[in-house]
2 protein chains.
Amino acid sequence: MADPAGPEIQRLIQLLARLPGLGPRSARRAALHLIKRRDQLMGPLADALAVANERVVSCSCCGNVDTTDPCTICRDARRDPSIIVVVEDVSDLWALERAGAVPGRYHVLGGVLSALDGIRPEDLAIPRLVERASAPDMREVILALNATVDGQTTAHYLTDALAGLPVKVTRLAHGVPVGGELDYLDEGTLSAAMRQRTTF
Amino acid sequence: MADPAGPEIQRLIQLLARLPGLGPRSARRAALHLIKRRDQLMGPLADALAVANERVVSCSCCGNVDTTDPCTICRDARRDPSIIVVVEDVSDLWALERAGAVPGRYHVLGGVLSALDGIRPEDLAIPRLVERASAPDMREVILALNATVDGQTTAHYLTDALAGLPVKVTRLAHGVPVGGELDYLDEGTLSAAMRQRTTF
């Protein structure tokens, strides 16, 4: 079987196939799409990747990714410095920022505890969280972890790790998603929503 | 709503979202995936794109994409120069090459005729095909177009355009896909397979 595309195009396809959501077939389609839109897409994407590769750093304070260290959020003076929102991953940070729901700053754990995947407390940014939470004037640590088994295990572990400190440890409310229909929700969510009902 | 990622990351996400198969959400996931795998993936992909952007050209003979002009296939002396396989797009050329099924060279039309999309014969590489097919010693033009309405309309148009020339015009066989189950095939395919049956 001959190799239809040259080694340069083959290499591009192989690398594109390693992106989440793309397989070998869609990577070929993406490569061809890029080649056909050289000036509008392939050149700009090559530049954007080179710039990001050169300039993006991990924030030494919270673990967010940005082109400055500390990141834009950690340097934002309008944010309450006494509140830390703990998230599993940068994608969760982005989701909360899109919602504009966070009054304070973040702390990215870089994962959750998982016996199955062998992720232990020392693999995550937990010591640094305890250090940040120990600072004077710190009032609240909000655990915004996923409502999965591993996420909740990690939340319990963090609650214990922060127990000795004079900070309030809270977590996101469970309940009915906005726009959600009761009929489609699981029993756990419905009973949590009922238990944590609020006055109208 | 604050913008969580800096402008460099935003730009990367916007460009990734323009790839086929990726939407805004999966582009964010891909960007984060790249940022986390900077040395193994983001750097190499930036380089591969820059190389492809600089070196990939369209073959002036057949319309294939390669880093040389004429392309590797057009320069391949082992291929029968008297046979031209007409395809709609480079992706079809790649598919036929993976199958190793083509004895000759290619001609990429760059699309098919479509009244709906306003694609006329002069928008495709048809004059160049007629020119190539008019060369001395040319024996056969194989129409390997998609079995869609537009593909078949284009095949009929090409048959007319090539009618005056001393070349045989053929098309791919219709029939049962290898590994396919009869029960799942449409009536058109089944009756074509029956009509064009071969001796066992």
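Quantities reported herein were computed from a predicted structural model and do not represent experimental measurements. In what follows, every chain begins at residue 1, and chains take the letters A, B, ... in the order their sequences are listed.
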Peer 1: For A:Arg25, does the CZ atom sit with more than 12 other heavy atoms under 6.0 Å from it, leaving out its own atoms?
Peer 2: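 For A:Arg25, atom CZ is not crowded (no more than 12 foreign heavy atoms under 6.0 Å).
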
Peer 1: With clusters defined by side-chain heavy atoms of hydrophobic residues (ILVMFWY) lying less than 4.5 Å apart, directly or transitively, does A:Leu129 cluster with A:Leu93?
Peer 2: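 In one cluster with A:Leu93: A:Leu129, no.
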
Peer 1: Select one option (side chain, backbone, both, neither) describing which atoms of B:Gln40 are under 4.5 Å from chain A's heavy atoms.
Peer 2: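 Both backbone and side chain.
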
Peer 1: Hydrophobic clustering (ILVMFWY, side-chain heavy atoms < 4.5 Å, transitive) - are A:Ile84 and A:Ile73 grouped together?
Peer 2: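 Different hydrophobic clusters.
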
Peer 1: Between CG of A:Leu49 and CE of B:Met42, what distance do you get to the nearest 0.5 Å?
Peer 2: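 One gets 7.0 Å once the value is rounded to the nearest 0.5 Å.
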
Peer 1: Taking every heavy-atom pair that is under 4.5 Å apart, which of B:Ala48, B:Ala52, B:Cys71, B:Pro20 has the most such pairs with chain A?
Peer 2: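 Of B:Ala48, B:Ala52, B:Cys71, B:Pro20, B:Pro20 has the most heavy-atom pairs under 4.5 Å with chain A.
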
Peer 1: With a cut-off of 3.5 Å and sequence neighbours excluded, list every side-chain donor-acceptor pair involving residues 176-184 of chain B.
Peer 2:
none

Peer 1: In terms of heavy-atom pairs under 4.5 Å with chain A, which of B:Asn53, B:Leu15, B:Leu96 leads?
Peer 2: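 The candidate making the most pairs under 4.5 Å is B:Asn53.
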
Peer 1: Any chance you could measure A:Leu41, atom CG, to B:Leu16, atom CG, to the nearest 0.5 Å?
Peer 2: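 Nearest 0.5 Å value for the CG-CG distance: 9.0 Å.
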
Peer 1: Given the options A:Ser91, A:Ser26, A:Ala46, which has more heavy-atom pairs under 4.5 Å with chain B than any of the others?
Peer 2: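 The candidate making the most pairs under 4.5 Å is A:Ala46.
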
Peer 1: For a quick test of reading the model, state the closest non-hydrogen atom pair linking A:Arg55 to B:Glu8 and the distance between them.
Peer 2: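 Between these two residues, the closest heavy atoms are NH1-OE2, 3.0 Å.
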
Peer 1: Sort B:Ile9 into side chain, backbone, both or neither according to what part of it lies under 4.5 angstrom from a heavy atom of chain A.
Peer 2: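 For B:Ile9, the contact with chain A is made by the side chain alone.
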
Peer 1: Is it the backbone or the side chain of B:Val90 that comes under 4.5 Å from a heavy atom of chain A, or both, or neither?
Peer 2: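 Looking at B:Val90, backbone and side chain both touch chain A.
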
Peer 1: With hydrophobic residues grouped by side-chain heavy-atom distances under 4.5 Å, do B:Ile13 and A:Val108 end up in a single group?
Peer 2: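 Shared cluster, yes.
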
Peer 1: Linking I/L/V/M/F/W/Y whenever any side-chain heavy atoms sit under 4.5 Å apart, do B:Leu143 and B:Val102 land together?
Peer 2: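 No, it is not one cluster - the side chains of B:Leu143 and B:Val102 are not joined through contacts under 4.5 Å.
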
Peer 1: For chain B, find which of A:Arg29, A:Arg28, A:His33, A:Arg11 contributes the most heavy-atom pairs closer than 4.5 angstrom.
Peer 2: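 Looking at each option in turn, the highest pair count goes to A:Arg28.
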
Peer 1: Given the options A:Val51, A:Leu19, A:Leu45, which has more heavy-atom pairs under 4.5 Å with chain B than any of the others?
Peer 2: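 It is A:Leu45.
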
Peer 1: Pick from B:Gly21, B:Ala31, B:Ser58, B:Gly43: which one has the most heavy-atom pairs with chain A under 4.5 Å?
Peer 2: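 If we count pairs closer than 4.5 Å to chain A, B:Gly43 comes out on top.
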
Peer 1: Would B:Val149 and B:Tyr157 show up in the same hydrophobic cluster when neighbours are defined by side-chain heavy atoms closer than 4.5 Å?
Peer 2: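 No; B:Tyr157 is not reachable from B:Val149 via cluster members.
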
Peer 1: I'd like to know whether CD of B:Glu187 has more than 12 heavy-atom contacts from other residues, nucleotides or ligands below 6.0 angstrom.
Peer 2: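 No, the 6.0 Å shell around CD holds no more than 12 heavy atoms from other groups.
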
Peer 1: Heavy-atom distance under 4.5 Å to chain A: side chain of B:Asp89, backbone, both or neither?
Peer 2: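 Contact with chain A: side chain only.
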
Peer 1: Is the closest side-chain heavy-atom distance between A:Val65 and B:Leu32 below 4.5 Å?
Peer 2: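 Side-chain contact under 4.5 Å: yes.
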
